Amino acid sequence: MYLSRYFLPVLRDTPKEAEIVSHQLMLRAGMVKQSAAGIYSWLPLGLSVLKKIEAIVREEQNRAGAVEILMPTIQPADLWRESGRYEAYGKEMLRIMDRHERDMLFGPTAEEVVTAIFRDSVKSYKDLPKNLYNIQWKFRDEIRPRFGVMRGREFLMKDAYSFDLTKEDARRTYQRMFAAYLRTFARMGLKSVPMKADTGPIGGDLSHEFIILADTGESEVFLHKDLLEETVPPADTDFWGDLSGIVEDWTSRYAATDEIHDAARFEREVPADKRLTARGIEVGHIFYFGTKYSEAMGAKVQGPDGKLVTPEMGSYGVGVSRLAGAVIEASHDKDGIIWPVPVAPFEVGLINLRSGDAATDAACVDIYGKLTAAGIEVLYDDTDERAGAKFSTMDLVGIPFQLIVGPKGLKSGEIEVKVRAGGERVSLAVESGLNHVIEAVQSQRSLA
Ligand code: 5CA
């Protein structure tokens with residue numbers, strides 16, 4: 001992409017309304033634009049990141065046996081009357097009336113819709129287990145939307161819903177999603193820790209929040225330090241095999257959010273030098289709630305003995321749009337964002353130090369062509385801004401590798417390679433600079 005043809009409305013100054021660094025940087029880097037409180041447009045740079053996050057989430061859901069569907073954003077209130085949540089959900093639900101005066105709502109979650117789909121199409125235990133997910137916009141009329149996309153009113157969620165014949169099968173499905181979540185966040189360069197959690201309006205008695213540690217996190221968390229060293233399941237994990245060991249490794253040490261923290265237990269179970277109190281961002285939340293919705297909505301399948309069975313359910317959410325902010329909270333410096341390669345909007349930033357100079361332009365076009373042919377995503381700053389402004393824009397938007405090309409270096413056949421994280425710059429012969437960057441990008445595309 002040539003920057004002169006792109007749409008990158010960067011801001012030099014930090015917007016006053018943004019309290020936390022990810023919100024400030026997302027506005028400054030021209031990733032999003034607020035449309036109303038907690039409601040955003042995603043501009044090209046932000047949208048690229050969102051799509052990459054979405055793709056990782058999708059790959060890991062598919063790997064773990066979930067099947068993608070797409071449910072509507074607008075739902076009929078009658079479904080929620082069946083489950084009994086229509087009144088109970090309260091003011092967070094955006095209620096709408098259509099022209100026929102039917103009560104509708106903008107979905108804050110989709111347990112009811114998916115249970116109705118299941119009820120009307122699955123009749124036999126032979127079709128179980130089923131785990132259906134979608135990546136769709138949700139609306140929650142949060143009393144205090146804040147921190148940009150981290151606590152929005154409209155936000156993109158991956159929500160999966162599982163149906164199993166027995167409690168034991170449902171527990172295995174829960175474990176599959178648990179393991180998939182560990183991989184999902186690790187692939188974005190994030191260290192997530194699953195923590196015992198409260199179930200809130202979704203309900204049920206087994207639930208984990210996946211938390212990444214960040215000073216600006218909304219909740220206080222308490223954990224055993226060693227959990228930060230724990231490894232995530234590799235890509236070739238057999239998701240249909242026994243995953244209980246993985247879950248055991250991650251859940252046998254204390255980790256809890258402030259909602260359910262038990263200080264006495266924390267002190268009893270965790271040696272003093274291993275106790276970590278920190279702040280965290282919830283990027284995912286998984287629930288096992290048994291037959292709460294299937295029972296209320298009359299979803300039943302025929303069991304092996306011919307008798308009707310009410311399936312066991314769970315739901316599994318990932319905050320896809322929140323993750324764009326969470327990655328920035330975890331990876332930035334005073335100059336801007338530092339994207340991990342797997343979620344970077346572009347992998348290489350190419351800076352032309354003397355646009356308009358025939359030799360420099362030709363060298364840049366040649367490098368651009370070679371990188372693109374190698375499958376690398378390049379943002380080429382071909383504008384006639386001065387060098388200093390180009391450097392600060394490229395640092396601000398956080399492209400992981402930069403190639404800096406100017407007339408002086410070219411005279412001796414060299415370009416500069418800059419690694420955004422850490423900032424080291426080296427001059428290399430054009431071909432070796434190119435190869436160096438291509439290899440570095442390729443090796444960092446899969447972090448887990
Ligand atoms: N139905 C269940 C699981 S599919 C559910 O709705 N779970 S949830 O309420 O925990 O939301 C799932 C994830 O969405 C959260 O872990 C969080 O990462 C994200 N999320 C929730 N509320 C917001 C919000 N206001 N803004 C941005 N992301 C949010």
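When a ligand or atom number is given, it counts from 1 through the structure's own listing order. Every heavy atom of this structure was used, including side-chain atoms; hydrogens, water molecules and symmetry mates were not. Treat the numbers as computed from the prediction; the structure is a model and nothing was measured.
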For this session: Would you mind telling me if ligand 1 is within reach of the side chain of V283, the backbone, both or neither, using heavy atoms under 4.0 Å?
Result: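 Within the 4.0 Å criterion, V283 contacts ligand 1 through backbone atoms alone.
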For [atom], what is the closest protein heavy atom, and at what distance to 0.1 Å?
{"atom": "atom 27 (C) of ligand 1", "result": "M150 O, 3.4 Å"}
{"atom": "atom 26 (N) of ligand 1", "result": "G152 N, 3.1 Å"}
{"atom": "atom 4 (S) of ligand 1", "result": "D159 CB, 3.2 Å"}
{"atom": "atom 12 (C) of ligand 1", "result": "M157 CE, 3.7 Å"}
{"atom": "atom 17 (C) of ligand 1", "result": "R322 NH1, 3.5 Å"}
{"atom": "atom 6 (O) of ligand 1", "result": "R140 NH2, 2.8 Å"}
{"atom": "atom 20 (N) of ligand 1", "result": "F155 CE1, 3.5 Å"}
{"atom": "atom 5 (C) of ligand 1", "result": "I202 CD1, 3.7 Å"}

For this session: Would you sort out whether F401 and V419 count as a side-chain contact (heavy atoms from CB on, under 4.5 Å), showing the intermediate values?
Result: CA-CA 5 Å; F401 297 96; V419 181; 4.1 Å; yes
Problem set entry | Check against side-chain hydrogen bond (donor to acceptor under 3.5 Å, both in side chains), Q402 and D395 | CA-CA 9 Å; Q402 298 173 14; D395 281 354; 2.9 Å; yes
Exercise. Just one of R144, R151, R279 clears the salt bridge (charged side-chain N to carboxylate O under 4.0 Å, His left out) bar with E218, so which one?
Worked result: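 Of R144, R151, R279, salt bridge (charged side-chain N to carboxylate O under 4.0 Å, His left out) with E218 is met by R151 alone.
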Between the main-chain N or O of [Y] and the side-chain N or O of [X], is there a donor-acceptor pair closer than 3.5 Å?
{"X": "E230", "Y": "W250", "answer": "no"}
{"X": "R81", "Y": "Y86", "answer": "no"}
{"X": "Q75", "Y": "T109", "answer": "yes"}

Exercise. With a 4.0 Å cut-off, would you call R420 and D333 a salt bridge?
Worked result: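 Yes, charged N to carboxylate O under 4.0 Å.
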Exercise. Are R85 and E111 within salt-bridge range, i.e. N to O under 4.0 Å?
Worked result: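 Between E111 and R85 there is a salt bridge, with a charged N closer than 4.0 Å to a carboxylate O.
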Judging by distance only, is a nitrogen or oxygen of [X] under 3.5 angstrom from one on ligand 1?
{"X": "R153", "answer": "no"}
{"X": "K158", "answer": "no"}
{"X": "S321", "answer": "no"}
{"X": "E282", "answer": "yes"}

Against heavy atoms of [X], which atoms of ligand 1 measure under 4.0 Å?
{"X": "H285", "result": "10 (O), 16 (O)"}
{"X": "G284", "result": "16 (O)"}
{"X": "G317", "result": "3 (C), 4 (S), 12 (C)"}
{"X": "V149", "result": "27 (C)"}
{"X": "E111", "result": "1 (N), 2 (C)"}
{"X": "Y316", "result": "3 (C), 4 (S)"}

For this session: With F178 as reference, evaluate F239, Y316, F210 under the ring-ring contact (aromatic ring centres under 6.0 Å, His included) test and give the passing residue.
Result: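 For F178, the ring-ring contact (aromatic ring centres under 6.0 Å, His included) test succeeds with only one of F239, Y316, F210, which is F210.
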Exercise. Is the closest heavy atom of I286 to ligand 1 under 4.0 Å?
Worked result: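 For ligand 1, residue contact (heavy atoms, under 4.0 Å) with I286 is absent.
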Problem set entry | Partner set under salt bridge (charged side-chain N to carboxylate O under 4.0 Å, His left out) for K196, not counting sequence neighbours |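 Residues passing salt bridge (charged side-chain N to carboxylate O under 4.0 Å, His left out) with K196: none at all.
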Problem set entry | salt bridge (charged side-chain N to carboxylate O under 4.0 Å, His left out) involving E54 - partner list, sequence neighbours excluded |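 Only R58 meet the salt bridge (charged side-chain N to carboxylate O under 4.0 Å, His left out) criterion with E54.
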For this session: Show your working on side-chain hydrogen bond (donor to acceptor under 3.5 Å, both in side chains) between N134 and Y161 and close with a plain yes or no.
Result: CA-CA 9 Å; N134 76 166; Y161 303 88; 5.5 Å; no
